[in-house]
There are 2 protein chains.
Amino acid sequence: MSAQMPEIPWHKPRKAEPRQPLSRSLIVETAVRVLDAEGLSGVTMRRVAQELGTGPASLYAHVSNKEELFELVLERVVSEIRLPPRPEPERWKEQITEVCFEAQRVLTSHRDVSLVSLGSIPLGESQLAITEFLLDLLLQVGLPPQVAAWALDGLGQLIDTDAYEASVYAERIARGTDIHEYFGQLRTFLLALPTDRFPKLQGMADTMVTGDGDERYAFKIEVFLRGLESYLPADARTRRAGGADGGDRADHVLRTDRADRTVDA
Amino acid sequence: MSAQMPEIPWHKPRKAEPRQPLSRSLIVETAVRVLDAEGLSGVTMRRVAQELGTGPASLYAHVSNKEELFELVLERVVSEIRLPPRPEPERWKEQITEVCFEAQRVLTSHRDVSLVSLGSIPLGESQLAITEFLLDLLLQVGLPPQVAAWALDGLGQLIDTDAYEASVYAERIARGTDIHEYFGQLRTFLLALPTDRFPKLQGMADTMVTGDGDERYAFKIEVFLRGLESYLPADARTRRAGGADGGDRADHVLRTDRADRTVDA
DNA sequence: TCGACTCGTAGAACGGTGTTCGTCCAAGGA
DNA sequence: TCCTTGGACGAACACCGTTCTACGAGTCGA
């Protein structure tokens, strides 16, 4: 590539910038930029077109729909998710947890893009790669194929839903709502409930508002994985004693819970 | 109440019908009617107002937002969910499964209303009643309070997400897409994947598309409940042998899976 | 070299959306 | 009786996704 020649001064082009031509990927890239800046609801055909210095009609030559554009944006985002080099069945629960948190990290770093994936079957290349990885791992662990297949459904839902929920909270925080104050209000609300109709909810107000998003996410993953574990054929269940594998983010629950136990008496 | 007097013929009111006055509940009721007829995206302020024979501005005296209207609609819908008369801890898993299916039945009977509940904390009266019931049940079973509290989160997400997913499929069917053909295409797509990059997915195409929404839903619930079960303190674990309790919709998995096992070799 | 023909580019417009403003009017309290 | 108040509502604002249509530049065959 040679150095760029300067423009001949008096030969000014009709349009100020001889913009690079539109293309699917350029449009998607721009849409992601808008997404990051203004959230999913800010990604409109007009807004993206404006960012490209043109009108909304121009986009329709490369993208048939806003829906299709969203799918492309989702796929672009999902492609940022990094998978472990290979499945390690001997620590499958930790590895799945890692993938879930990596997915959430990437998804929530692009505002509420997870809303797109909630209703759609993940058929993009990167999405399939993640599915393939998890499926491979689950099969190597020894889960029955039908269990593994259906488990993917559940894991996908878990990831998407939690990412979306997290993004809703993030949005709230970004709009100025202090998260502590918010949970405080929630706690006050629960405490103010009529005791006769909502005894447990009222009594457990503190327990209900305990734990941030990550803790709750880790807990849900752990519950799901323990449930999956119960589908392992007897000969595939290795004998690592249950609580000894460290690094479990939600394990402290079993240690702290006895303290709260009183509210329930 | 006396009989209605006839209108004086020449004293015709300016407006043809002396409509009953607007009110929050009338607006919500109308919105639900529109929802059932045209789906959530059909519920617009203009459409609801038109149904009431007025303009959109009139609604804002009773409802501050479209968002608030949606919340009210959701609460109205959720109030249709019928709970069992009382928690029965000795069959807690069956009872929770029943509640989940009842919730899904009601939610999906109102199109894609579940989309509303995905991002919002359930603070409506009926929603709280369900939460209270489940919380009570989980505590009676003997789950640690913190586990029970967080489990509610997971169950709520499971219900909402699956209801939304089911409604997306229902919408597709209503728009003419044959569901068998759709799954057939999905299977073909999976079979056409490059073997080197997606060996498991391609090999398990049939297993992946096995099972309708209800089966998969039942499976996910069962997995979650088995996971919860593992948090039971030893003294709360009753000794009913694991597989003997009938009526479990997803149990056949453990019997059929061996057949599909071959694809995985 | 020239003409025809394609195809990406866009301006304008259509029919929608949520929400606000200002006006009007009827019911209720003083 | 007057005055206040609050609901009703037409009009308008600023958007939205999408389509129609004209235009213009590039390419390809003759």
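For the numbers below, each heavy atom of this structure counts, side chains included, while hydrogens, waters and symmetry mates do not.
In this structure, B/Trp150 contributes its side chain and A/Tyr217 its backbone to no donor-acceptor pair below 3.5 Å.
Applying the ring-ring contact (aromatic ring centres under 6.0 Å, His included) rule to B/Phe224 yields no partners; only residues at least two apart in sequence or on another chain are considered. With sequence neighbours left out, the side-chain contact (heavy atoms from CB on, under 4.5 Å) criterion links A/Pro199 to B/Glu132. Residues that satisfy the side-chain hydrogen bond (donor to acceptor under 3.5 Å, both in side chains) test with A/Asp112, not counting sequence neighbours, are absent from this structure.
Distances shown here put a side-chain N or O of B/Thr54 below 4.0 Å from the OP1 or OP2 atom of D/dC9. Using a 4.0 Å cut-off, some side-chain N or O of A/Ser58 falls inside it from OP1 or OP2 of C/dA10.
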Throw together a table of side-chain donor-acceptor distances under 3.5 angstrom for residues 176-183 of chain B, partners on residues two or more places apart or in other chains.
residue, atom, partner, partner atom, Å
B/Thr177, OG1, B/Arg172, O, 3.3
B/Asp178, OD2, B/Glu181, N, 3.2

Which side-chain N or O atoms in residues 160-170 of chain A pair as donor and acceptor under 3.5 Å with protein atoms at least two apart or in another chain?
residue, atom, partner, partner atom, Å
A/Asp160, OD1, A/Ser117, OG, 3.1
A/Asp160, OD2, A/Ser117, OG, 3.3
A/Thr161, OG1, A/Gln157, O, 2.6
A/Thr161, OG1, B/Thr161, OG1, 3.1
A/Asp162, OD2, A/Lys220, NZ, 3.0
A/Asp162, OD2, B/Gln157, NE2, 3.2
A/Glu165, OE1, B/Gln157, NE2, 3.4
A/Glu165, OE2, B/Gln157, NE2, 3.3
A/Ser167, OG, A/Tyr164, O, 2.6

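Here C/dG8 presents its P atom at 11 Å from CD1 of A/Ile27, a figure rounded to the nearest Å. Distance CD (A/Gln50) to P (D/dG17): 13 Å, rounded to an integer number of Å. In this entry the distance linking NE2 of B/His62 with C1' of D/dC9 reads 12 Å, nearest Å. Protein atom CG of B/Leu22 is 13 Å distant from nucleotide atom C1' of D/dG6, rounded to whole Å.
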What does the list of N/O pairs under 3.5 Å between the protein and nucleotides 16-18 of chain C look like, with a distance for each?
residue, atom, partner, partner atom, Å
C/dT17, OP1, B/Thr44, OG1, 3.2
C/dG18, OP1, B/Met45, N, 3.4
C/dG18, OP1, B/Lys66, NZ, 3.1
C/dG18, OP2, B/Met45, N, 3.1
C/dG18, N7, B/Arg46, NH1, 2.6
C/dG18, O6, B/Arg46, NH2, 3.2

Sort me out a list of protein N/O and nucleotides 20-22 of chain D N/O pairs below 3.5 Å, or just none if empty.
none

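Residue pairs meeting the side-chain hydrogen bond (donor to acceptor under 3.5 Å, both in side chains) criterion with at least one partner in residues 98-107 of chain A, sequence neighbours excluded, are A/Arg91-A/Glu98, A/Glu102-A/Arg105. Pairs engaging residues 119-130 of chain B under the side-chain hydrogen bond (donor to acceptor under 3.5 Å, both in side chains) rule: A/Arg197-B/Glu125, B/Glu75-B/Ser126, B/Glu75-B/Gln127 [sequence neighbours left out].
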